[in-house]
Amino acid sequence: GSKTNSQTATVSFGDIPQVEKFYSHGYYAGGIVGGFAGSGTLGNCYNNADVIVSEDYAGGIVGELYANKGEIALISCTNKGYIFGAFDVGGLLGYANIDGDSNIALYNSQNKGTVEGYCCVGGLGGYLSTGTVLVCLSDGNIIVDVKEDYCPCGGGLFGESGYITVADCISSGTTELCKDASFGGLINLYEAPQFANCYYLETLSDFGVITDNDAPLSSELEGVYGISADEMKTQATFTGFDFESMWEMGSENPELSNAAVSILGDVDLDGIVDKMDYTFVKRVCFETAELEMGQNLAADVNGDGIVDKM
């Protein structure tokens with residue numbers, strides 16, 4: 001994707017054509033936007049493309065975020081593509097930093113793709129300096145490889161973080177780790193995170209959070225819970241989660257009900273926008289068919305919150 005400097009930009013997945021792969025022989029690449037600075041919203045963004053960066057800062061949605069004029073928010077975003085980079089690599093964002101009193105927020109977003117790199121590799125992000133992360137899911141495969149001059153490390157949510165607040169989030173994916181890799185079920189390197197109702201699959205790591213000197217702190221942090229595969233399949237495990245409007249139980253773990261899960265207009269979720277999608281919407285309008293999870297977002301092409309003949 002391109003690099004954007006804006007104070008009030010808003011981008012939705014309906015504005016972005018889907019391609020198979022993005023290559024960058026350098027820095028800053030994302031499935032939707034390469035770089036985003038200022039303030040604004042990346043909303044309802046869906047990426048299914050591979051993002052491959054030879055150097056640093058690769059993300060499924062955005063490679064680099066720099067909030068210096070207020071808040072930048074990622075809302076209802078999904079990545080299902082393969083993301084590769086050397087340093088600061090994440091399913092949603094690669095590197096995210098702020099200036100002054102600005103903030104970065106992730107809400108109702110998820111990664112279900114494979115994320116691979118050498119250092120600071122995370123299911124949601126490579127590095128997040130300051131921000132708020134609410135109702136997010138990391139459910140892809142995280143690969144940490146070995147390379148000279150890189151310290152192999154990663155985390156289920158973030159490879160590295162600063163002063164962030166994380167609540168109602170899940171890390172439930174899989175890992176492939178090189179020898180001596182440091183990996184936290186939620187975060188590897190951190191400064192001062194605060195957690196509430198955050199769960200990670202205990203097979204990912206013995207510890208939810210690891211400091212920069214490899215000291216595990218899971219048992220000392222409130223709101224961090226390592227759970228078994230059976231517990232991950234049980235709704236009662238997730239205290240405080242909103243299963244009426246935000247989450248629903250899948251076969252292996254809770255799934256987000258309203259994150260972007262398809263291309264705009266692809267109502268039948270087959271990866272193609274064609275006359276079959278038009279037929280599906282007609283059936284919904286005549287009340288002969290009902291929409292399932294993810295189809296509402298895809299069918300509401302004009303973004304008015306209603307699936308109708310418009």
Side-chain angles (χ1 to χ4, degrees), residues 79 83 88-93 106 109-128 131-145 151-234 237-241 247 250 252-256:
N79 173 67
I83 313 301
D88 285 341
V89 187
L92 298 178
L93 57 88
L106 277 68
S109 296
Q110 62 184 349
N111 173 61
K112 288 181 170 288
T114 294
V115 183
E116 182 174 7
Y118 306 120
C119 183
C120 293
V121 184
L124 298 182
Y127 173 72
L128 175 60
T132 304
V133 184
L134 303 175
V135 192
C136 290
L137 171 66
S138 172
D139 192 32
N141 186 35
I142 301 172
I143 303 173
V144 179
D145 298 318
C151 177
C153 64
L157 299 182
F158 295 97
E160 182 178 4
S161 74
Y163 299 89
I164 68 174
T165 298
V166 188
D168 296 353
C169 291
I170 297 174
S171 172
S172 59
T174 58
T175 59
E176 298 176 44
L177 306 178
C178 67
K179 183 180 179 181
D180 298 327
S182 175
F183 192 89
L186 296 176
I187 300 173
N188 186 64
L189 304 176
Y190 84 102
E191 290 182 35
Q194 294 182 328
F195 297 95
N197 302 330
C198 291
Y199 300 85
Y200 67 95
L201 197 59
E202 59 187 8
T203 54
L204 296 176
S205 175
D206 292 334
F207 309 104
V209 179
I210 299 176
T211 68
D212 57 6
N213 61 0
D214 292 333
L217 287 182
S218 293
S219 60
E220 301 176 18
L221 292 173
E222 294 184 3
V224 176
Y225 308 101
I227 60 177
S228 67
D230 287 338
E231 290 173 312
M232 188 67 76
K233 298 177 183 179
T234 305
T237 300
F238 301 92
T239 304
F241 274 39
W247 298 91
E252 300 296 325
N253 52 263
E255 300 281 359
L256 289 174

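Values below: every heavy atom of this structure, side chains too, minus hydrogens, waters and symmetry copies. From a predicted model like this one, the values you see are computed outputs, not experimental measurements.
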To the nearest 0.5 Å, what is the distance between [atom1] on [X] and [atom2] on [Y]?
{"X": "Thr174", "Y": "Leu204", "atom1": "OG1", "atom2": "CG", "answer": "8.0 Å"}
{"X": "Ile142", "Y": "Ile83", "atom1": "CD1", "atom2": "CD1", "answer": "12.0 Å"}
{"X": "Cys178", "Y": "Ile143", "atom1": "SG", "atom2": "CD1", "answer": "11.0 Å"}
{"X": "Ser109", "Y": "Leu256", "atom1": "OG", "atom2": "CG", "answer": "8.0 Å"}
{"X": "Tyr199", "Y": "Leu186", "atom1": "OH", "atom2": "CG", "answer": "11.5 Å"}
{"X": "Ile170", "Y": "Cys198", "atom1": "CD1", "atom2": "SG", "answer": "9.5 Å"}

State, with a plain yes or no, whether a side-chain heavy atom of [X] is found less than 4.5 Å away from one of [Y].
{"X": "Leu157", "Y": "Val133", "answer": "no"}
{"X": "Ile164", "Y": "Ile187", "answer": "yes"}
{"X": "Leu137", "Y": "Asn253", "answer": "yes"}
{"X": "Tyr225", "Y": "Thr237", "answer": "no"}
{"X": "Cys120", "Y": "Tyr127", "answer": "no"}
{"X": "Phe238", "Y": "Asn197", "answer": "no"}
{"X": "Thr234", "Y": "Ile227", "answer": "no"}
{"X": "Val224", "Y": "Tyr200", "answer": "yes"}

Out of the candidates Leu92, Leu201, Leu124, only one should pair with Ser138 under the side-chain contact (heavy atoms from CB on, under 4.5 Å) rule; please name it.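 So, applying the side-chain contact (heavy atoms from CB on, under 4.5 Å) to Ser138 and each of Leu92, Leu201, Leu124, only Leu124 qualifies.
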
Minimum heavy-atom distance between [X] and [Y], given as atom pair plus value:
{"X": "Cys119", "Y": "Cys151", "value": "SG-O, 3.1 Å"}
{"X": "Asp145", "Y": "Pro152", "value": "O-CB, 3.9 Å"}
{"X": "Ser172", "Y": "Met232", "value": "CB-CE, 3.8 Å"}

* To do: Please check if any side-chain donor atom of Asp139 sits under 3.5 Å from a side-chain acceptor atom of Gln110, or the reverse.
  =>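 Result is no, nothing qualifies.
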
query: Are Val121 and Phe183 close enough, and set up right, to give a side chain to side chain contact (heavy atoms under 4.5 Å, CB included), and what steps lead you there?
result: CA-CA 9 Å; Val121 184; Phe183 192 89; over 6 Å; no

